[in-house]
Amino acid sequence: LGARAMGGAGLVFAEMTCTSPDARITPGCPGLWNDAQRDAWGRIVDWVHANSDAKMAVQLGHAGAKGSTRLAWEGIDRPLADAEANWPLISASPQQYLDGVSQLSRAMDRADMDRVKADFVAATKRAAAAGFDWLELHCAHGYLLSSFISPLTNRRSDEYGGSLANRLRYPLEVFAAVRAAWP
């Protein structure tokens, strides 16, 4: 959790909260992919609201090719020490976050895109139910949605690659679905 100033009121910000187990950067990342997590976040949000004037924000994201790595103090950006504990990675196009070090992600197909969008929507609904005041969709730092936007990581030849308008297509699909689910 981080705190930021917001026009005289405080903002408590839960950064990079993952939408599914395979959306995590590390095994220690927070999530909103089940109701137990929703309820735990709800207790935090309720406590902040009851004890301050601060608003609560959540940033939903998916690690994409930067996922399945160790906790920072165990070797930041390095694959999990137990190779069998790693989970499969997806991104706009096959890539390694760190050449010769990271796992190779695979390009998302339409079924992956539909599942991930549905995961974002479900996490959005859980965030609203937990009482968050604000939601941010994470599209930066080389994570999944930004892998579509950048021409360096999006080498697709379908309607989701090529021009900037095409590269923005999937992140905007997710944004529209999240916006429709957020109250």
Side-chain angles (χ1 to χ4, degrees), residues 2 13-34 37 58-127 135-179 181:
F13 202 96
E15 296 193 17
M16 190 55 174
T17 303
C18 302
T19 58
S20 63
D22 69 324
R24 296 171 297 162
I25 306 164
T26 75
C29 287
L32 257 172
W33 63 80
N34 64 46
Q37 292 165 331
V58 64
Q59 179 187 68
L60 293 181
H62 189 298
K66 290 180 73 173
S68 194
T69 62
R70 300 176 195 184
L71 298 170
W73 52 91
E74 294 175 354
I76 193 166
D77 293 333
R78 301 291 181 208
L80 297 173
D82 176 4
E84 292 184 21
N86 284 292
W87 51 88
L89 302 177
I90 54 176
S91 57
S93 300
Q95 64 175 342
Q96 275 187 308
Y97 174 63
L98 296 176
D99 288 337
V101 176
S102 303
Q103 286 187 99
L104 182 63
S105 64
R106 67 174 176 79
M108 293 175 72
D109 61 21
R110 186 69 244 179
D112 295 321
M113 295 165 85
D114 291 342
R115 178 189 62 86
V116 167
K117 182 170 55 175
D119 290 344
F120 270 99
V121 167
T124 297
K125 291 176 180 178
R126 286 189 180 98
L135 184 141
E136 179 180 85
L137 183 63
H138 198 322
C139 297
H141 308 311
Y143 296 127
L144 180 67
L145 296 178
S146 72
S147 78
F148 276 85
I149 298 168
S150 172
L152 300 176
T153 52
N154 183 338
R155 297 176 304 281
R156 299 175 74 99
S157 58
D158 63 6
E159 66 271 25
Y160 296 96
S163 70
L164 178 59
N166 284 358
R167 295 191 319 267
L168 285 168
R169 188 181 310 264
Y170 183 65
L172 288 173
E173 282 179 20
V174 174
F175 173 82
V178 164
R179 184 62 193 103

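Atom set for the values below is all heavy atoms of this structure, side chains included, hydrogens, waters and symmetry mates excluded.
Put simply, the side chain of T69 gets close to the backbone of I25: a donor and an acceptor are under 3.5 Å apart. Q37 contributes a side-chain N or O that, together with a main-chain N or O of W33, makes up a donor-acceptor pair within less than 3.5 Å. Judged by distance alone, the side chain of R78 and the main-chain N or O of S102 form no donor-acceptor pair under 3.5 Å. At distances below 3.5 Å, at least one donor-acceptor pair connects side-chain atoms of R70 with backbone N or O atoms of P79. In terms of modelled atom types and a separation under 3.5 Å, the side chain of T124 and the main chain of F120 share a donor-acceptor contact. In this structure, R156 contributes its side chain and M108 its backbone to a donor-acceptor pair below 3.5 Å. Panel note: side chain K66, backbone H141; a donor-acceptor pair is recorded below 3.5 Å. Looking at Q96, its side chain never comes within 3.5 Å of a backbone N or O of L104 through a donor-acceptor pair. Under the 3.5 Å distance criterion, the side-chain polar atoms of S146 are left unmatched by any main-chain donor or acceptor of I149.
A cation-pi arrangement is present between R24 and W87 under the rule of less than 6.0 angstrom and at most 45 degrees off the ring axis.
Evaluated for a side chain to side chain contact (heavy atoms under 4.5 Å, CB included) with S68, the options N86, D22, T26 yield exactly one hit, N86.
In plain terms, the two heavy atoms of A65 and L89 that are nearest each other are O-CD1, 3.6 Å. Closest of all the heavy-atom pairs between S147 and T153 is O-OG1, 3.0 Å. Residue A23 comes nearest to G61 through the heavy atom pair CB-O, 4.0 Å, listed as atom of the first residue, atom of the second, then distance. Between Y170 and M113 the shortest heavy-atom distance is OH-O, 2.8 Å. Contact record, V178 with V121: N-CG2, 4.3 Å, taken as the closest heavy-atom pair. What you find for G161 and N154 is that their closest heavy atoms are CA-OD1, 3.6 Å.
Separation of atoms CG (L172) and SG (C139) is listed at 8.0 Å; rounding is to 0.5 Å. Expressed to the nearest 0.5 Å, how far CD of E74 lies from CG of L71 amounts to 4.5 Å. One distance of note links SG of C18 with NE2 of H62; it measures 8.0 Å at 0.5 Å rounding. Distance check: D119 CG to L32 CG gives 11.5 Å after rounding to the nearest 0.5 Å. Atom CZ of residue R167 and atom CG of residue L145 lie 14.5 Å apart, to the nearest 0.5 angstrom.
Between R106 and Q95, every side-chain heavy-atom pair lies at or beyond the 4.5 Å cut-off. Annotation: side chain of F13 is in contact with side chain of Q59 (closest heavy-atom distance under 4.5 Å).
A salt bridge does not link D109 to R115: none of the charged side-chain nitrogens sits closer than 4.0 Å to a carboxylate oxygen. In this structure, E173 does not pair ionically with R179, as no charged nitrogen and carboxylate oxygen lie closer than 4.0 Å.
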Take V116 and I90, measure what side-chain contact (heavy atoms from CB on, under 4.5 Å) needs, and give me the verdict at the end. CA-CA 10 Å; V116 167; I90 54 176; 3.7 Å; yes

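Partners of D77 under the side chain to side chain donor-acceptor pair (under 3.5 Å) rule, at least two apart in sequence or in another chain, do not exist in this structure. E159 meets the side chain to side chain contact (heavy atoms under 4.5 Å, CB included) test with R169; sequence neighbours excluded. Residues passing the side chain to side chain donor-acceptor pair (under 3.5 Å) test with Y143: none are found, sequence neighbours excluded.
Defined by atom type and a distance below 3.5 Å, a donor-acceptor pair is present between the side-chain atoms of S91 and S105.
Atom NZ of K117 has more than 12 neighbouring heavy atoms from other residues, nucleotides or ligands inside a 6.0 Å radius.
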